[in-house]
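Have a look at the structure below, then the notes.
Position 1 is the first residue of the sequence; numbering continues from there. Values reported hereafter were calculated over all heavy atoms of this structure, with side chains retained and with hydrogens, waters and symmetry mates removed.
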Amino acid sequence: MIQDDPRHPPPSFHDWMLLAIGIVFVAMGLLILPSKPDVGIVTLAFFGSCLGVFANTILRKLRYRKFTASKVDVVGGIPIRPKRAVMIGLGGWFAALGSILVVFGGSYPPAFRAIGGLLAVLGVVLAAGALMGKWPGGYLQFDPAGLTISQRGWRTQIPWGSITAIVEGEYHSNPVLLLAVDDLASLLVEPPEARVKAYKAIAHSQTWMGAEFAIMTTHYGIDLPVLAATVRRYVTNTAARGELGQRLL
């Protein structure tokens, strides 16, 4: 029995307050810009970035509330890999923001510019690694027997019947699909020698996320309600699982 709640809450008061704060500081940056260009640019870059994040969170929650699909399915046997464009965009954003903090942060304490430098380096590393295909890694795959979740160095197939809870949640304002299973022994881990590593990762997820598996849906370019509804369908509808094998023919 699936013990979850597919309803999607609206943006919270906290979300709207953060948006309002972002708007106020961006307006202040615009006012400061003519008299103190360096301070204005830093303010606009930093709080403009924050404003973008806050606005995206609100728009995402409003979009999730409009999700009304009565049926969802997926192509079986095909790995669904994380979107490299997401990581490249994130890296580019960090690199640009960090560079602005370094170049125009002369009136701020040295620690401020040092943080900007670290942020720029992190952004370059993220973007370069994504462009070279080093990350993000792993994939999701839907098969008649279960859902395969692949991580670096190991992958496991979760039998549909072993999934006991599907929870749509958030982690640091990022949408995450939480999956609980009733029997770790039922998991097929490959390669077999990676079972210890896989169990450590699962235990870490249990401790920090409250479920054996946590899927950050943004990485895959999939809306949380869509992925949750898809998994829910194959867990609750035994007959539908056969479709995943037929699509390979």
* To do: Side-chain contact test, heavy atoms from C-beta onward, threshold under 4.5 Å: evaluate it for D223 versus R63 and give yes or no.
  => yes
* **Heavy-atom pair of closest approach, residues I149 and F213** => CD1-CD2, 3.8 Å
* Do V181 and T164 have side-chain heavy atoms sitting under 4.5 Å apart? -> no
* Asked: Can you say whether the rings of Y234 and W160 are parallel (under 30°), tilted (30 to 60°) or perpendicular (over 60°)?
  -> tilted
* Under 4.5 Å between side-chain heavy atoms, hopping through other hydrophobics if needed: is there a path connecting V74 to Y139? -> no
* Between G153 and K197, what is the shortest heavy-atom contact and its length? -> CA-NZ, 4.1 Å
* To do: May I ask you to decide whether R60 forms a salt bridge with E170, counting only side-chain N to carboxylate O separations under 4.0 Å?
  => yes
* Tell me, do K83 and H219 make a side-chain contact under 4.5 Å, heavy atoms counted? -> no
* Asked: L177 versus L179: any side-chain heavy-atom pair under 4.5 Å?
  -> yes
* **Student check: side-chain heavy atoms of L62 and K66 closer than 4.5 Å** => no
* Would you indicate whether the side-chain heavy atoms of D38 and K36 approach each other to under 4.5 Å? => yes
* Structure fact -> Contacts of Y220 meeting side-chain contact (heavy atoms from CB on, under 4.5 Å) (sequence neighbours excluded), chain-then-number -> I80, P82, L140, I215, I222
* Asked: With the 4.5 Å side-chain cut-off for hydrophobic clustering, are V226 and L244 part of the same group?
  -> yes
* Asked: Which heavy atom in R65 sits nearest to a heavy atom in P9, and how many Å separate them?
  -> NH1-C, 3.7 Å
* Please lay out, stage by stage, how D15 and K61 fare under the test side chain to side chain contact (heavy atoms under 4.5 Å, CB included). => CA-CA 10 Å; D15 293 327; K61 290 184 177 181; 2.6 Å; yes
* Asked: Less than 4.5 Å apart, any side-chain heavy atom of S205 and any of E212?
  -> no
* Closest approach of L126 and F94, non-hydrogen atoms and distance? -> CD1-CD1, 3.9 Å
* Would you please test E190 and R195 for salt bridge (charged side-chain N to carboxylate O under 4.0 Å, His left out) and show each step? => CA-CA 7 Å; E190 295 180 342; R195 180 171 288 272; over 6 Å; no
* F142 and side chain to side chain contact (heavy atoms under 4.5 Å, CB included): which partner among T148, V75, V231? -> V231
* Asked: Is the closest side-chain donor-acceptor distance between S186 and S162 under 3.5 Å?
  -> yes
* Structure fact -> Heavy-atom closest pair (V26 atom, L44 atom, distance to 0.1 Å) is O-CD2, 3.4 Å
* Between T218 and P175, is any pair of side-chain heavy atoms under 4.5 Å apart? -> yes
* For Y171, check ring-ring contact (aromatic ring centres under 6.0 Å, His included) against everything at least two apart and list the hits. => none
* Trace of the side chain to side chain contact (heavy atoms under 4.5 Å, CB included) decision for F112 with V42 -> CA-CA 11 Å; F112 182 85; V42 169; 3.7 Å; yes
* Structure fact -> Of all heavy-atom pairs linking Y64 and L224, the shortest is OH-N, 3.3 Å
